[in-house]
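Here's the structure, in structure tokens; my notes come after.
None of these values were measured; they are calculated from a predicted model. Protein chains get the first letters and strands the later ones, always in sequence-line order, with residue 1 at the start of each.
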Amino acid sequence: MNTARAELRKLLTLPSLRLTALLTWTANLVLTYAYRAAGSRGEPLGDDAALAPLAYTQAGFLVLGVLAAASEHQEGGQIRTTLLAVPRRLPLQAAKALALAALTLPVAAATATTSTLSAGEATWTPAATAYLTLTTLLGAAVASVVRRAVPAVILLLGLYFIAGPLLRAWSATSAAYLPDTAALDPSRGAAATLVWTLTALTLAAFTVDRRDA
Amino acid sequence: MSLVRAELRKLLGLPTAWVGLVLGTLTAPVVVLLNAPYTRRAIAAGTLTDTSDLGLRDLGIGLIGPMVLGVIVVSSEYTSTGQDAPGARQLTATLAAVPDRLRLLVAKTTALVLVVAAQAVVTATATLTLTQVLHGEHAPAPAPARVAAALLYWTLTALLAYALALITRNGVVPLTLLIINSSVVSVSYLLTKVTDLAAYLPDIAGTQMFLRSGDFPVEIAPVTAGLVMTTWVVALLAVGAVLFRRRDT
């Protein structure tokens with residue numbers, strides 16, 4: 001419990017995380033407004049107008065996860081101090097994931113609420129909140145393997161925004177199992193997102209456990 | 001000249017730059033290859049009647065390459081060189097070698113343009129040749145002017161990423177903005193549904209330099225589109241250059 005509290009305090013004091021959360025929420029407001037405005041002009045925008053802005057702003061949550069995990073490996077190698085204090089790595093990884101989830105949950109809830117409520121589909125709010133939190137954890141898991149923010153961001157955003165849509169256009173059936181499916185088709189994508197995030201977290205924990213700091 | 005060479009070697013020495021080079025060069029031809037059966041069926045069924053954009057349209061997908069290159073050429077200077085010396089950044093050494101900041105920026109810009117233009121030529125040749133081989137009887141070879149415009153679009157996109165990175169001094173912010181926006185349905189495209197002014201955003205205007213069959217609220221002539229995008233890039237570069245000169249490292 002102490003470890004989780006310490007990790008949470010580390011995350012809370014990172015200015016980059018505060019900035020990312022704020023920008024993401026603002027961007028989501030603007031996009032939601034854009035969708036509403038376009039919708040009221042009679043433009044066809046697809047079926048799930050409540051979730052469409054989130055399909056873009058999930059990028060902010062990916063970045064949030066990446067920055068949280070990569071901050072340990074940035075300037076000065078904070079990870080060494082962390083490992084000195086908590087040498088057992090698997091419990092440390094669990095505490096990190098827990099702290100990040102606790103930090104992300106309110107941000108995800110705020111973002112999901114502003115997007116779904118204005119579309120009049122409040123039933124999606126809990127699902128969207130869970131999805132965004134899981135997305136953040138996935139980003140953190142990938143970044144703790146890659147250990148550097150910029151390559152991790154390129155990898156994740158490339159997968160979510162370039163490879164994903166391409167695969168979806170090419171083969172709709174296999175693309176139903178991509179991690180970001182839930183942002184577009186929540187009923188079917190929930191399991192996919194959960195499995196992807198858990199796999200990434202397990203892989204990350206295993207890698208961190210085996211590797212030098 | 002030796003400055004440009006030094007910047008080229010720095011850029012090509014970065015592992016992340018190679019990610020951008022490989023990703024950017026391979027994506028478009030691979031997509032053409034993967035989409036070939038689908039495209040053939042669409043042409044045969046008559047759902048795809050306007051084939052003049054075939055190949056050129058796929059070039060837009062590889063844009064992640066120039067974006068990564070443009071950002072990394074700046075952001076690499078600002079990342080810490082070692083865990084034991086957190087305050088030491090490559091920029092310090094760079095400025096010690098080249099104190100004239102404008103000359104440094106000119107050299108950096110030249111190096112970036114050379115690399116991205118070379119990548120664009122390779123990618124465009126591969127993509128368009130592949131399109132001709134696969135759908136030659138249906139797709140007319142695009143006019144040289146349109147191919148040149150596509151190459152210009154690649155280079156300008158890299159410069160846009162570079163300018164944004166100069167302003168933010170950080171790799172994550174411009175990459176996030178640009179990669180989301182190069183998604184299949186871009187944010188800029190969404191904004192064109194809200195206001196017609198969004199048609200003058202750099203990426204929407206830029207694609208009209210070489211694509212004909214877009215669904216845009218305002219049709220901009222190719223030359224005007226090129227001027228609009230160039231104006232964006234020059235303005236952002238100017239802001240970046242002024243900030244780079246005035247700011248502490």
Whether over 12 other heavy atoms sit under 6.0 Å from [X] [atom1]:
X         : atom1 : result
Arg247(B) : CZ    : yes
Arg18(A)  : CZ    : yes
Tyr200(B) : OH    : no

Query - Contact leader toward chain A among Val68(B), Val19(B), Val194(B), where contacts are heavy-atom pairs under 4.5 Å - result: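 It is Val194(B).
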
If you measure from [atom1] on [X] to [atom2] on [Y], what distance do you get to the nearest 0.5 Å?
X         : Y         : atom1 : atom2 : answer
Ile180(B) : Phe161(A) : CD1   : CZ    : 5.0 Å
Leu157(A) : Leu177(B) : CG    : CG    : 10.5 Å
Thr27(B)  : Leu166(A) : OG1   : CG    : 8.0 Å

Query raised in the report: Can you name the nearest heavy-atom pair linking Leu190(B) to Tyr35(A), along with the distance?
Result: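 In terms of heavy atoms, the two residues are closest at CD2-CE1, 3.2 Å.
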
Query - Closest heavy-atom pair and its distance - Leu191(B), Ala34(A) - result: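 Leu191(B) and Ala34(A) have their closest heavy atoms at CD2-CB, 4.2 Å.
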
Report task. Tell me, out of Val153(A), Ile154(A), Val63(A), Thr20(A), who's got the most heavy-atom pairs with chain B below 4.5 Å. Result -> Ile154(A)

At a heavy-atom separation under 4.5 Å, does [X] approach chain A through its side chain, its backbone, both, or neither?
X         : result
Thr176(B) : both
Thr195(B) : backbone
Ser186(B) : backbone

Query - Region of Ile162(A) that comes under 4.5 Å of a non-hydrogen atom in chain B - result: side chain

Report task. Taking side-chain hydrogen bond (donor to acceptor under 3.5 Å, both in side chains) as the test, write out the residues that go with Gln93(A), two or more places apart. Result -> none

Query raised in the report: Hey, are the side chains of Arg148(A) and Thr16(B) touching, using non-hydrogen atoms and a 4.5 Å cut-off?
Result: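 In short, these two side chains touch, coming nearer than 4.5 Å.
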
Distance-only criterion, 3.5 Å: show the donor-acceptor pairs between side-chain atoms of residues 137-146 of chain A and protein atoms not counting sequence neighbours.
unit_1    : atom_1 : unit_2    : atom_2 : d
Ser144(A) : OG     : Ala141(A) : O      : 3.1

